[in-house]
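To find a chain, count down the sequence lines: A is the first, B the second, and so on, and within it residues start at 1. Note that the structure is a prediction, hence the values are computed from the model and not measured.
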Amino acid sequence: MDKLVLIDGNSIAFRAFYALPLLTNSSGTYTNAAYGFTMMLMKVLEEEKPSRVLVAFDAGRTTFRHDQYKAYKGTRDKTPGELSEQLPLIKEVLDAFGVRHFELEQYEADDIIGTLAKLGDRNGIPVTIVTGDKDLLQLVTDYVTLLMTRKGVTDAERFDRQAIGDKYGLRPDQIVDLKGLMGDSSDNIPGIPGVGEKTALKLLHQFETVEGVLDHIPDLPGKKLKERVEEHQEQARLSKELATIYCEVPLDFSLEDLIYEGYDPVQVAPVFKQLEFKTLLERIQKDVPQEKVEVKTISSPTVTGDNTSEWESLFEEEELSLFVEKTAPNYHRADVLGVALSDGKRQVYIPLAVARDWRAFKDWLADPEKKKIAYDAKGTSIALSRHGLDSACYGFDVLLASYLINASESGHELSDIVERKLDGFLPDDDSVYGKGAKRKQLEGEELAAHLARKANALVALKPVLADELESYQLDALFYELEMPVTRVLAEMEWHGVKVDEERLRALGDELQERLDELTETIHDLAGTPFNINSPKQLGEILYDKLGLPVLKKTKTGYSTSADVLEKLAPQHEIVEQILHYRQVGKLISTYVEGLLKEMTETGKIHTRFQQAITATGRLSSTDPNLQNIPVRLEEGRRIRQVFVPSEADWVIVSADYSQIELRVLAHLSQDEGLMEAFRTDMDVHTKTAMDVFGVKESDVTSLMRRHAKAVNFGIVYGISDYGLSQNLNISRKEAAAFIQRYFDSYPGVKRYMDEIVQQAKKEGYVSTMLNRRRYLPDINSRHFNRRSFAERTAMNTPIQGSAADIIKQAMVHMQQALKEDGLDSRLLLQVHDELIFEAPRDEVDALSARVVDVMEGAVELSVPLKVDVNVGKTWYEAK
DNA sequence: GAGGTCACG
DNA sequence: ACGTACGTGACCTCT
C-alpha cells in the first residue's frame, strides 16, 4: 500500500539531543542526536512501512515569517554547536538509507511537510508526519496522521482527527486559532496576553476561530478579557498567521522522487561503523548478505573408506588456521561443537567425532612444526585436550594480536576484529545461534558454514594483523612474550589448583554461624528485621530510623560504603556490626560458596587467566577470580588455608616482587633519590617519609610512614590532591602540601610525570618498557574530567604496564628454567607481582634459588629487582 | 542490566 | 570551579 512518511528533521534531532547523554565516538565527535535520530528513523521505517519518505530540515535562521514579524522565534537560544555539528551526520545516515531529505531557504521544515502533506491528502495517499512539534497537528486530515514524540526518543503518540478532538475538543484546522489566542513562547508568538490554553479552548469551543472571537468581543465573559482581546486584535491575527503552516512551498521534486524501497545494509553499515553505533550495527548485520564461502564438510562419522583422504593434502600446507567452536565461553567446562580448518582457499568443517578418529588430522594437530593460526590459542588447546586431542605450535593468536594493537578497543570477538581490520562482516555468534533463551544448537550445513567462515576469517586476518604489529613495533612483544605466555598459562590452567574441600566447608560453617549471630544482633539493634544486604533498606535504617548523619550520597540514595560507615562507627554500635557482617558475608558468598561452585570432581579449581582484557597489560582471572583471594584481614586470609598442593609431601611456594612498581618508577624517571633508596635496599616508605618530612630514619613515626606510603601509592596512580586527601582522610590542602614536598624531594619523578603527560598529548598514546601501547583519546579533551583521567592514566600505565611486562617475562623464563633444570615444580598462579608454585618438598631449595634468579633477572633496570620467597603447606602458610 | 559494594595488586 | 585516586571480578539487590 502506498504510504508517505514525512519526518521533521530538526525537531527529531533536537528531541534526541536532549533525551540522550552527550555521547561521543572515539574520535571525539558528538553522536547522541544522530544516534537518537537513527533509532527513531529505523523504528518508523519498520513500523510504518512507508513507500515514500522525506525528511525536511529548516534552512538558515531567517524565513519569510521574519518579514511579517521580526521577533519570530526571537526568544529561542542558538542551537548548541554540539547539536548543529551532528546535522551533517544525520544527513549522511539518511543518504545511506536512501531516504530523501530536503531544505529550502526562507522556509521551515514545517512548511515543506505541510506542502507535501497536502499533496498526499489530495492524491489520497495516507501520510504520517513524525515530529515533536504540536503546531503540525493543524495538518491532520482523514488521510494525514501525526506521530508526536513523547518521553525519550522512540516513544511516540499517534494523533488523528479523533485524537485531537478527544484531547482539545478542536478540529485540526483550529490549532492555528488556538496558537493565535494563546501564543507560543517557544516561537515567541505573542497571542493575547493573559489568555492561556484553558481560556483559548473555551473561547474556540464557542466561537470556532480567532475571527469568530474578534467578531463577538462584546459577548466575551469578563471585563478584563474583553479589554485584552479588544486591545490585541491585530496581534491575535498576526499570531494566527505566524502559526499557520504555509502549504505552497515551491518544490523541485514530486512524490515519485520520494519512493523508498527499503535500505541496503551494505550501504548503511559503513556509516554506522564510522559513527560507532554498535548496537544498531548488530541489528542490521543479520540482514547483510554474507560473502559466499564455499564449504566442504566431512560429514562421515568414520574415517575408513570415506572422504577424509581427499583432504589430507591440506596438511602439507605451511600454515593453516584452526578454529574450534565451543558450547560456552568457559573452555574448562564447555564441549567442542566442531572444528574447522582453512588455508585461505579451501576450508573444511570436521565434526568432533571425525576429528577424534582421523589420524592425519591428529598428527598435524600435535606436530610441533606445523604452525596454526588460532583465535584464543589457550582456550582452543584446552578445549581440544579435554576431548583427548593434543595440539601444539600455535604460531599466531588473532585474539592476542588484536588486543596488542589496541587493548582499549571495545570488542575482541572474532566478528569485531573482522569488522575492524577487514572491513568485512562475520555474523557474530549471537546472531547465528540466537541469544539467551532463543539460543539453539546448529547442525549440519549451517554449522559447517559458520565455522568454515570463521576459519577463513583467521587466515585473512593474520597478514593484516601481523603487518600492523610490525608497524607499531609490537612484533617482539607479541611473538616473544605474549604468545609464549599463552602457553605457560595454558599449562597452569590445565593443571589447576587443589583445594581442601573439607576444610573449605568447615570454614564455611563456622563463618555462617558467625553471620547468623551478626544478623540477629543487627536486627535487634535496629529494632526490626531487614535485609542487611540491601543498601537501600540499610540506608533507611541508619539514616531515617536511627538518625545518623548523612556524610555521602550516591546517585540513587544514601551511601553505606565502608569508608562512610567507618566514620559513623563511634556514633552507634550497629555500624561496627554491619561492617563485620559485610566482611563475613563477602567471605561466605564469594569465597566459600564461590569456590565450592568452581570445584571439579578431582578437587581442583581451574581459573581462566584472561590475557586480552586489561588496558595496561596485566592478566585478569575469572571463574573464579583467584587474584583476589583475601589476605589483608586475618579472618579472610584463612581462606588461603584451603589452597593446598595437589600431591602428597609437596608444598606451596610463593615468590613476590618487592615494590616492583616503585622500582619501575625509579628506572623510568631516573630520579636520583628514588634510585638511591632501592640501591641501598631501604624501606622505601621510610625513605620517603625521611625525605618528605626532613627527619632522620630514627625519627620517622609510624604515622609519617603511613602518610608517605599513601603518597607513594598516589604517585603510582597519577596523583591528585583530592584523591590523596580522601585516602588519608585529611584536607585537600594538607594533601597538596604533601605532594608538593614529595616533588621537591624527588624532582626526577616530577620531571618524568610532566614529560609523560606531554608525550601522551603529542603522540596520543603512552608505552611500557616492552613497547606495549595504550591510546589515550581523551588526553586533549576540553572536558576537565576526561582530560584529568587521561593524564593520570598516562602517568600510571607505563608503571603498571611495565611491571606486567616484567612478570610475564619472568613466567616465560621460569617455565623454561623448570624444564632445563628437570624440576617437577609447577607454576600455579600469577597475582600481578607474585608467582605461586607447588613443589616437591625436596625441590624447594633449588626452586627458590632459581625463581629468585629468574624473577630478579627478567629485565635489566637501573635499580635492582628484589624477590621474596615463602614456603608453606598451604597458600596461607606461604607468607 | 545497572548500581553499589568489596575482595585483590 | 571542576570532582577521582590506577587496574581488575564477583556478588547482591532492584528495576
Are any non-hydrogen side-chain atoms of [X] and [Y] less than 4.5 angstrom apart?
X      : Y      : answer
A:T519 : A:H523 : yes
A:V642 : A:W875 : no
A:M492 : A:L489 : yes
A:Q610 : A:R618 : no

Legend entry - Minimum heavy-atom distance A:A615-A:S408, with the two atoms named: CB-OG, 4.4 Å
Tell me what [X] touches on the nucleic acid: a base, only sugar-phosphate, or nothing, going by heavy atoms under 4.0 Å.
X      : value
A:N727 : base
A:K553 : nothing
A:R732 : base
A:G718 : nothing
A:A615 : sugar-phosphate
A:L619 : nothing
A:A710 : base
A:S788 : nothing

For [X], what residues pass the salt bridge (charged side-chain N to carboxylate O under 4.0 Å, His left out) criterion, not counting sequence neighbours?
X      : result
A:D721 : A:R732
A:D683 : A:R705
A:R640 : none

Contact list (N/O, under 3.5 angstrom) for nucleotides 6-8 of chain B vs protein:
{"residue": "B:dC6", "atom": "OP1", "partner": "A:R582", "partner atom": "NH1", "Å": "2.6"}
{"residue": "B:dC6", "atom": "OP2", "partner": "A:A562", "partner atom": "N", "Å": "2.8"}
{"residue": "B:dC6", "atom": "O2", "partner": "A:K586", "partner atom": "NZ", "Å": "2.6"}
{"residue": "B:dA7", "atom": "N3", "partner": "A:N628", "partner atom": "ND2", "Å": "2.9"}
{"residue": "B:dC8", "atom": "OP1", "partner": "A:V631", "partner atom": "N", "Å": "2.7"}
{"residue": "B:dC8", "atom": "OP1", "partner": "A:R632", "partner atom": "N", "Å": "2.8"}

Inset, instruction - Determine which pairs satisfy ring pair (Phe, Tyr, Trp, His ring centres under 6.0 Å) with at least one residue from residues 767-786 of chain A, sequence neighbours left out, and list them in order. - result: A:Y765-A:Y775
Inset, instruction - Walk along DNA chain C from 5' to 3' and tell me the first and last nucleotide with an atom closer than 4.0 Å to a non-hydrogen atom of chain A. - result: C:dC2 to C:dC14
If the condition is side chain to side chain contact (heavy atoms under 4.5 Å, CB included), which residues does [X] pass it with, not counting sequence neighbours?
X      : value
A:K545 : A:T528, A:I541
A:S731 : A:K733, A:E734
A:E635 : A:L511, A:R514, A:H580, A:Q583, A:V584, A:L587
A:H332 : A:N330, A:I382, A:E493, A:H606, A:R608

Using atom [atom1] of [X] as one end and atom [atom2] of [N] as the other, report the distance to the nearest whole Å.
X      : N     : atom1 : atom2 : result
A:K555 : B:dG4 : NZ    : C1'   : 10 Å
A:F713 : B:dG9 : CZ    : P     : 9 Å
A:L538 : B:dG3 : CG    : C1'   : 15 Å

Legend entry - Gap in Å between the two P atoms, one belonging to C:dA5 and one to B:dG3, rounded: 16 Å
Inset, instruction - Please state the P separation for the pair B:dG4 and C:dT4 - nearest whole angstrom. - result: 12 Å
Inset, instruction - Go ahead and write out DNA chain C as dot-bracket, 5' to 3': ( ) for pairs within the strand, [ ] for ones crossing earlier pairs, | when the partner sits on another strand, dots for unpaired; Watson-Crick or G-U wobble, both distances under 3.5 Å. - result: .....|||||||||.
Inset, instruction - Answer yes or no: are there more than 12 heavy-atom neighbours, outside A:F530 itself, under 6.0 Å from its atom CZ? - result: yes
Inset, instruction - Residues of residues 764-772 of chain A with any non-hydrogen atom less than 4.0 angstrom from an atom of DNA chain B: list those, numerically ordered, please. - result: none
